[in-house]
Amino acid sequence: MAGLFITFEGPEGSGKSTQVELLRRWFGKAVVVREPGGTALGERIRDLVLHDRAMSPAAEMYLFMAARAELLAEQICPALRAGESVIADRYHDSTLAYQGGGRGLETSWPTFFPKPDRTYLLALPPEISLRRLSDADRIEREPLEFHQAVAKAYERLAAAEPKRWMVLDATASPEAIHEIVRSDLAGFLKRSQPSSS
Ligand code: TYD
C-alpha cells in the first residue's frame, strides 16, 4: 500500500491516537505524525501554544500553522514523495475547526499544505469529550460553548467535502471503529486504482 495521506480529526478524548496506532499496525509501514509537534521547532511551538499564558487568537493560529509548515517540510512531504503513507493525528482541519470555528477567525487552506486523501472525524459530543479529560491544556480549558463551536465546525467541514471525510461515532469501541476505517480504506484504494480489465 503506497503513498496515502490519512488524517484523524476530532475533539479531545475521542480516541484519535488509538485509531492512529491501530491503523499504523495494519499498514505495517507508515509515517505517523502528531500535531502540534513532531519536529524540534514544532515541540517548542507546542509548548508555547498549549502551556503558555494567553495569546491573541491570530498568534495562536499562526503558531499552529508554523508548526505544521515545519512538519510538512521535515516529514510529511518527503515521506509522500518517497511513496510512503502518512497517518496524521490532527492536521490543518484542526486549525479550521478550533481557530476558525472555536475562535471565530477567518481561516484558509494554504496551497502548499497538501490535502489528505482521507480524513476520519471521530465525532463525540463535547459534554462527553470534556468529561474524558484528565489534565487539560490551555485550549482544552476553554468553556463548553467553545467546544460546541468546534464540533459544529467539524460537522460543516465534513459536509462540505464528503469525498474526503468520513464521520465516525467515537462512542463505538476502538475495534469497531478500526474495522470501519479499514474497510473504507480498502474501498478507497480499489476506487483509486485503475481497473485492470
Ligand atoms: P493534544 O494534547 O495533542 O490533544 P489531542 O489529544 O486532543 O490531540 O492537544 C492539542 C490541542 O491543540 C487540542 O486541544 C486541539 C488544539 N489544536 C488547535 O487548536 N489547533 C490546531 O491547529 C491543532 C493542530 C490543535
Side-chain angles (χ1 to χ4, degrees), residues 5-24 32-39 41-76 86-110 112-116 119-158 165 168 170-171 174 177:
F5 183 19
I6 299 159
T7 61
F8 284 86
E9 293 287 348
E12 298 73 18
S14 59
K16 290 187 304 307
S17 326
T18 306
Q19 290 307 317
V20 166
E21 178 52 25
L22 289 171
L23 195 60
R24 187 193 61 76
V32 169
V33 293
R34 180 189 72 149
E35 285 210 20
T39 64
L41 178 62
E43 289 301 329
R44 288 170 71 183
I45 294 177
R46 179 183 177 87
D47 208 39
L48 277 176
V49 86
L50 296 184
H51 306 298
D52 220 42
R53 284 191 295 269
M55 63 182 70
S56 72
E60 177 185 282
M61 177 174 78
Y62 286 118
L63 283 174
F64 278 118
M65 290 175 70
R68 182 163 309 124
E70 191 68 5
L71 189 64
L72 279 163
E74 275 193 25
Q75 295 202 36
I76 299 177
V86 175
I87 307 172
D89 188 340
R90 296 197 181 281
Y91 185 56
H92 193 56
D93 293 295
S94 283
T95 297
L96 304 185
Y98 283 79
Q99 281 65 51
R103 301 264 189 246
L105 288 180
E106 187 184 320
T107 53
S108 62
W109 192 294
F112 69 97
F113 283 7
K115 274 273 172 105
T119 298
Y120 297 100
L121 172 59
L122 292 169
L124 191 67
E127 294 78 6
I128 300 180
S129 81
L130 292 180
R131 235 183 284 141
R132 288 186 183 179
L133 283 181
S134 46
D135 187 16
D137 60 46
R138 197 174 60 78
I139 291 175
E140 291 160 349
R141 283 195 298 268
E142 289 294 332
L144 181 62
E145 299 72 56
F146 173 89
H147 294 281
Q148 281 165 338
V150 171
K152 280 260 172 314
Y154 269 135
E155 276 171 30
R156 279 197 302 274
L157 289 166
W165 288 80
L168 299 159
T171 62
I177 297 172

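For ligands, and for the atoms within them, numbers begin at 1 and follow the listed sequence. Side-chain atoms are counted along with the backbone in the values below, which use heavy atoms only and exclude waters and symmetry mates. The first residue in the sequence is number 1, and the count goes up from there. This one's a predicted model, so the numbers in the text were calculated from it and none came from an experiment.
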Next on the checklist: Is it the case that the side chains of T7 and T119 hold a donor-acceptor pair, with the cut-off being a distance below 3.5 Å and no angle test?
Outcome noted: yes

Sorted by chain and residue number, the residues having a heavy atom closer than 4.0 Å to an atom of ligand 1 are E12, K16, E35, R46, L50, F64, R68, R90, S94, T95, Y98, Q99, D137, I139, E140

Residues at least two apart in sequence or cross-chain that pass side chain to side chain donor-acceptor pair (under 3.5 Å) with E74, listed by chain then number, are none

By side chain to side chain donor-acceptor pair (under 3.5 Å), Y98 pairs with (sequence neighbours left out) E12, R90

Which atom pairs, one a donor and one an acceptor, fall under 3.5 Å between side chains of residues 41-59 and the rest of the protein, sequence neighbours left out?
from, atom 1, to, atom 2, distance (Å)
E43, OE2, G38, N, 3.0
R46, NH1, P36, O, 2.9
S56, OG, A59, N, 3.1

Exam field: side chain H92 to backbone P114, donor-acceptor pair closer than 3.5 Å
no

Can you confirm whether F113 is buried at CZ, in the sense that more than 12 heavy atoms of other residues, nucleotides or ligands lie under 6.0 Å from that atom? yes

